[in-house]
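The structure under discussion appears below in the form of structure tokens.
Residue numbering restarts at 1 for every chain, and letters A, B, ... go by the order of the sequence lines. Since this is a predicted model, take the numbers as computed values, not measurements.
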Protein chains: 2
Amino acid sequence: MRQKITLKEISRRFNVSISTVSKALKDSPEISEKTKEIIQAFAKEHHYKPNNIALSLKNQKTKNLGIILPEIVHYFFSSVITGIERLATEKGYNVIVCISNESFDKEVINMQMLANGSIDGFIMSLSMGTENKQDFHHIKEVINQGMPVVMIDRVTDQVECDKVIIDDFQGAYNAVTYLIESGRKNIALISMPDYMSVGNLRTQGYRKALEDNGIEVDDNLIVKVEDPYGGSEVIEDLLVNHTVDAVFGVTEFFAVSAMKIAQKMGKSAPEDISIIGFTDGIISISSSPSLTTVSQGGEEIGEKAADLLIKRLEDPDYENRPFVTEIIKSSLVKRESTL
Amino acid sequence: MRQKITLKEISRRFNVSISTVSKALKDSPEISEKTKEIIQAFAKEHHYKPNNIALSLKNQKTKNLGIILPEIVHYFFSSVITGIERLATEKGYNVIVCISNESFDKEVINMQMLANGSIDGFIMSLSMGTENKQDFHHIKEVINQGMPVVMIDRVTDQVECDKVIIDDFQGAYNAVTYLIESGRKNIALISMPDYMSVGNLRTQGYRKALEDNGIEVDDNLIVKVEDPYGGSEVIEDLLVNHTVDAVFGVTEFFAVSAMKIAQKMGKSAPEDISIIGFTDGIISISSSPSLTTVSQGGEEIGEKAADLLIKRLEDPDYENRPFVTEIIKSSLVKRESTL
DNA sequence: CTGAAAGCGCTTACAG
DNA sequence: CTGAAAGCGCTTACAG
């Protein structure tokens, strides 16, 4: 059972042509039962499986999906991959994962690398670098070449393609409204820079919720943190220098950081300070107290994106359909960090 | 700039042969400067890049690495992928990720799917199902076909191949010794079933540390949890019904669960109860108090595994070298949950 | 019922 | 300096 066996080898073994072997293995009615039997038996015994690369070249499709994500170690994006992988495998596709590491350049290189025939389509979420730069030529180029792209979560209006996002604005709006309804007045916001599409939307949701409830937005209570896993100094400044009875963090990391800093200052959640985060991940469950969060349904986003992409690849009807933007509903998961 | 352009199209455009175009684009000395110039200019203008699939078929190598992991949403394995991806991209390889979801059957299917020519080699960690079943024929088969495999973290003696693991025994030994040195006497262990290689080794490290310090192992203080993200009832039982002044969890999730349950019972860490986990991930940092853990160096494992695999694929000297087992050193990261 | 031929996109040893 | 041919592994329309 050394080395993979090929049609050629089987054909030589029985002194027939490669075509005959190929057809016999596909159980073609063109071939005699007897020939089929011996060839099939032999192939089975030797674990023959057609070579994927040869099939890809022949069929002009690879059955590979290219995934480009900013990072993968944290809950949201890893759950997205989990969702994509499940649906893809189910439909007979493999998943090639590239990580842009929040860098524009790596995102471009990754796309170009995969676009040279390795995959049939892309699922991607913009890196911070790309959102900052607002340069999407690499994505447009790939789309121009006829390769479908599905953007998820961090998307842009500048590119026309299928998209899967959550209702960032509404999710934030609901969270902040909940804080207000439970009597909080001085609600701080820990967000990302405005060039980040999701940070921007969540910030807008926060503002709108305050306005709709007759609370004036106090810009001193809003901080925007560049590093997704940093910001502790700014947050500490915020909590030390201002009266804050609630914090809405646009990521679960920001929320838990705020909670820990508040705890160090002797404040306890939810009594002294209410906390809500975004992304219902491990952090939210493991923190003490556990965190109320806006769930982001990463797996659902991944599955939906893979579904859209594969439909476009396979279903002839889908080919010329207009692009859609699927909006996954978020929900507020109430835990111990709020009353 | 529609559709990808091929050598054939370029050759037609200039009425030359495909061979000439191919050579011209490789800047072959066989071709005249003038021809090279015009062809290269045209190719550049049209963003010509050779088709990866065609190259794969021709070269009999795909430049793809197949990765099969039990899951990916939690810190350890996602950091492993991050490490693999970084090294792989650096060396010009892509990474195809499959998730076995802890199931033997899925692991087998994934391997067979990728082994049909899609990849040049595997990096894998055993699913719980496989460890339980102790059936490794799918891995041996792939190796027999001449495809290199690197096993990481959850490995087995039954398969001969390169391996990258951490010093599970020693890491556990050091953690428990640290608890003993800080004066703890009743140290509970929350582990996995014994068929899990890493759980088993960590359990042994725990036992040995107690023995070496003249503390008798009390089997009542040892629980083995099947579900990696469950076990709260058993842990509660343990803490309620026994005197426990320290807990060593073989995962960070087990450790934080124990801590939260202890807190609910009115005990506080580290004063009443010391806690140490395994895997230095987000949970450990985000919990309150933050968790002392045995760091597992996921990215380092990933990088090392990718390095071993690529070396075996590329370096002719490596081909017949004996298999190696790289042991990554763990370290005890001290935080607030211990004194 | 079986096989030769063309083709997917590319490379390269060999002729001319 | 250029091109025809063979080949990577497979499929399929077409001949015989």
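- Listed here is the closest heavy atom pair of A:Phe122 and A:Leu309: O-CD2, 3.7 Å.
- Taking 4.0 Å as the cut-off between side-chain N and carboxylate O, A:Glu102 and A:Arg154 count as a salt-bridged pair.
- Annotation: salt bridge (charged side-chain N to carboxylate O under 4.0 Å, His left out) contacts involving residues 81-96 of chain A, sequence neighbours excluded, comprise A:Glu85-B:Lys106, A:Arg86-A:Glu299, A:Arg86-A:Glu303.
- When heavy atoms are screened at a 4.0 angstrom cut-off, B:Ser19 is found touching base atoms of the nucleic acid.
- Between D:dA6 and C:dA4, the distance separating the two P atoms is 15 Å to the nearest Å.
- If you walk DNA chain D from 5' to 3' and mark each nucleotide with an atom closer than 4.0 Å to a heavy atom of chain A, the marks span D:dC8 to D:dC14.
- For residues 53-65 of chain A, every residue pair satisfying the salt bridge (charged side-chain N to carboxylate O under 4.0 Å, His left out) rule, not counting sequence neighbours, is listed here: A:Lys63-A:Glu314.
- Paired runs in DNA chain D that reach 3 or more consecutive Watson-Crick or G-U pairs, where each pair keeps both distances under 3.5 Å, cover C:1-3 with D:14-16, C:5-12 with D:5-12, C:14-16 with D:1-3.
- Among the protein residues, B:Thr6 comes within range of the sugar-phosphate backbone only, with heavy atoms under 4.0 Å from sugar or phosphate atoms but none that close to a base.
- In this structure, A:Leu313 and A:Pro148 approach most closely via the heavy-atom pair CD2-CG, 3.5 Å.
- Using a 4.0 Å cut-off on heavy atoms, the residues of residues 49-62 of chain A that approach DNA chain C are A:Leu57, A:Lys58, A:Gln60, listed by number.
- Remark: A:Ser118 pairs with B:Asn52 by the side-chain hydrogen bond (donor to acceptor under 3.5 Å, both in side chains) rule, at least two apart or across chains.
- Side-chain contact check for A:Val16 versus A:Ile39: some heavy-atom pair is nearer than 4.5 Å.
- The nearest pair of heavy atoms linking A:Ile165 to A:Thr325 is CD1-CG2, 3.9 Å.
- Within a 6.0 Å radius of CG in B:Asp27, other residues, nucleotides and ligands contribute more than 12 heavy atoms.
- Among the atoms of the strands shown, only primed sugar atoms or phosphate atoms (P, OP1, OP2) are found under 4.0 Å from some heavy atom of B:Tyr48.
- Side chains of B:Met128 and B:Phe104 form no contact here, defined as non-hydrogen atoms less than 4.5 Å apart.
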